[in-house]
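These numbers come from a predicted model, not from an experiment.
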Amino acid sequence: MTILSVELTQRRGAFSLDVGFEATRGVTGIIGRSGAGKTMTLQAIAGLGHPDTGHISLGGEIFLDTERNIFVPPEKRHIGYVFQEARLFPHLTVMRNLEYGLRRRGPEPPIPRDEVIGLLDLRHLLERQPHGLSGGEAQRVAIGRALLSAPRLLLMDEPLASLDIGRRREIMPFLEALHERLALPIVFVSHNMEEVVRLADRVVVVERGRVVASGGVADVLNRIDIQNLILGEADDDSIGTILDMRIETHDDDESLTELSGAGFRLFVPRLPRPQGAPVRLRLRARDVTIATEAPRGLSVQNVIEGEIETLDKAGKSDVDVGIRTREGGATIRALVTSRAARLLKLETGMPVWALIKTVAIAGSTGSRQTAESD
Amino acid sequence: MQDTLLTPAEAEALWLSFKTGAVGALISLPFGLLTAWALSRKNFPGKFALDLLVHMPLVMPPVVTGYLLLLAFGSRGPVGAWLEENLGITLAFNWKGAALAAAIMGFPLLVRALRLSFDAVDRKLEQAARTLGATPWDVFRSVTLPIIMPGLITGLLLAFARGLGEFGATITFVANIPGETQTLPIALYSALQSPGGEIRALRLLILSIVLALGALAASEIFAARMRRRIFGPEKEGRT
């Protein structure tokens with residue numbers, strides 16, 4: 001079911017934006033490097049930008065149609081917008097900031113005010129003025145303010161970019177909780193792979209003002225060309241494999257959780273999720289070891305059988321190995337040194353075993369529940 | 001108490017000055033807001049000319065301004081005649097004319113203060129308000145206006161103080177009529193012109209200084225308090 005449909009072109013100086021995509025219920029991440037046109041796209045959706053040509057509709061209602069001269073002003077679009085900077089009104093208390101959209105939009109917000117305040121942990125801040133808030137607190141207020149304006153769509157522009165790592169850790173759970181609690185479609189912009197992996201159901205990759213790929217998060221972001229595009233050559237440490245799995249069982253004695261999916265099983269440290277819950281993992285290619293024979297007597301618990309599908313040079317001294325699992329459900333990437341690849345005589349089609357340390361998964365895991373729909 | 005402190009003539013001059021200054025500043029406020037807003041936010045043909053026009057009272061000899069007012073708003077002037085005929089308002093040679101002169105002379109100061117404030121408003125806040133359901137007018141009322149309030153108060157009090165001391169344009173436009181157009185500075189001037197008026201002049205001089213300093217201090221204290229409330233103690237810059 002298509003909810004949001006976007007088709008637009010806009011020129012600004014030497015930069016030209018020409019994007020088209022559709023978003024359904026759930027969370028859509030728009031990812032791309034800075035200057036790719038992500039923010040311009042969000043502004044056009046919200047009605048804060050004026051595309052040269054295009055067509056934008058939400059749930060059947062047309063917001064923009066340059067051919068028919070339709071332009072619905074932002075206040076009539078009912079789209080919540082969380083900006084990169086919090087943009088709180090400095091002359092109003094936190095409470096009055098939260099109520100700003102509520103008073104104007106009205107009848108009933110999608111979730112009651114008290115619940116938003118609780119969800120975002122704002123109760124102790126209500127009487128404060130915005131200038132006394134930390135970056136993370138201000139951003140949480142901004143999210144609450146947007147939610148209470150009864151939006152039919154929530155746009156978020158790098159909601160975490162202006163925050164340091166600590167604050168990010170503070171807000172991430174709120175965003176995840178938000179997503180699980182609301183049936184509200186969300187479109188957010190990010191240049192950070194981790195954020196998209198954790199929060200999005202679908203992803204649109206934008207580069208130089210054009211959409212270069214779109215689809216399911218794992219499908220799109222596991223593509224080597226897309227990873228290289230987003231991460232750049234320098235960031236080999238972050239390349240890896242995204243796996244959508246499910247919680248099979250919990251082993252409370254050993255504090256482990258067993259995951260299944262894609263034709264194999266993995267043990268990871270105990271996850272605070274119910275049995276059967278979907279979990280998305282990100283395995284860093286650095287943390288995957290390759291064996292050319294069935295390993296025995298190892299402390300490593302996760303051994304996945306497969307064969308080498310691709311071999312690519314990565315950086316000066318590394319080789320990026322794509323391992324097709326035997327059941328055929330996934331391709332796992334491993335990063336080994338060129339020397340190791342030469343000594344093991346790695347070549348495509350060769351049967352190998354991928355070794356993944358349980359801890360390694362824990363260190364690079366983003367876990368989330370995917371939406372129930374589609 | 002008042003009778004012992006000020007003579008009736010002094011009290012009258014003080015009250016007239018206060019009235020013309022306050023009324024002048026208040027009637028110029030809506031025009032000042034519109035002009036400052038247009039100069040800060042809009043690009044239109046004639047913007048430069050408007051900017052010059054607004055600043056003319058600041059650079060022209062006040063006598064010239066007063067004479068222009070007399071030509072336009074006097075009983076036989078085009079605007080004056082129209083006002084008298086249609087609204088029954090006479091400006092020449094009464095306190096309303098003095099208020100108009102005060103308004104015109106204070107206008108550049110008001111517009112400058114307001115324009116700086118408009119320039120300093122983060123437009124991104126206004127965008128945010130639009131996405132929260134506010135129409136452009138609602139945004140102005142609920143976001144822009146409260147944020148420029150310190151600058152507005154400053155501008156208003158500057159214009160008021162300028163109006164209090166208005167002399168040249170006022171005496172040219174509405175003359176020197178005790179009880180009607182004889183404001184503090186004009187009374188001071190009259191006292192100096194009459195033999196043995198030095199003591200009277202000195203008393204009026206002290207009164208003028210107290211009034212001007214009072215207005216300035218009130219403006220500073222009020223605006224600083226407001227800025228602190230809005231922007232917090234750490235960002236207490238002038239707006």
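Residues B/Ala134 and A/Glu75 come closest through the heavy atom pair O-CB, 3.4 Å. Counting all heavy atoms, side chain and backbone alike, B/Val143 lies closest to A/Phe89 at CG2-CE2, 3.8 Å. Of all heavy-atom pairs spanning B/Asp138 and A/Tyr100, the tightest one is O-OH, 4.3 Å. For the pair B/Thr131 and A/Leu48, the tightest heavy-atom approach, listed with the atom from each and the gap, is CG2-CD1, 3.9 Å.
Summarising the local packing, NZ of B/Lys47 is surrounded by more than 12 heavy atoms from other residues, nucleotides or ligands at distances under 6.0 Å. Remark: B/Phe48 CZ is loosely packed, at most 12 non-hydrogen atoms of other residues, nucleotides or ligands lying under 6.0 Å away. Residue A/Arg12 qualifies as open at atom CZ: its count of foreign heavy atoms under 6.0 Å is 12 or below. Environment of CZ in B/Phe222: sparse, with no more than 12 heavy atoms of neighbouring residues, nucleotides or ligands closer than 6.0 Å. By the neighbour-count criterion of 12 heavy atoms within 6.0 Å, atom CZ of B/Phe18 is sparsely surrounded, having that number or fewer from other residues, nucleotides or ligands. Atom CZ of B/Arg130 is surrounded by more than 12 heavy atoms from other residues, nucleotides or ligands within 6.0 Å.
Sorted by first and then second residue, the pairs that involve residues 44-64 of chain A and meet salt bridge (Lys or Arg N to Asp or Glu O under 4.0 Å), not counting sequence neighbours, are A/Glu61-A/Arg152.
Between the side chain of A/Arg87 and the backbone N or O of B/Lys124 there is at least one donor-acceptor pair closer than 3.5 Å. Under a 3.5 Å cut-off, the side chain of A/His91 and the backbone N or O of B/Ser142 do form a donor-acceptor pair.
Residues A/Pro73 and B/Thr135 form no side-chain contact, since every pair of their non-hydrogen atoms from C-beta on lies 4.5 Å or further apart. Side-chain contact between A/Arg145 and B/Leu132: present, with at least one pair of heavy atoms (C-beta onward) separated by less than 4.5 Å.
Only the backbone of A/Leu88 comes within less than 4.5 Å of a heavy atom of chain B; no side-chain atom from C-beta onward does.
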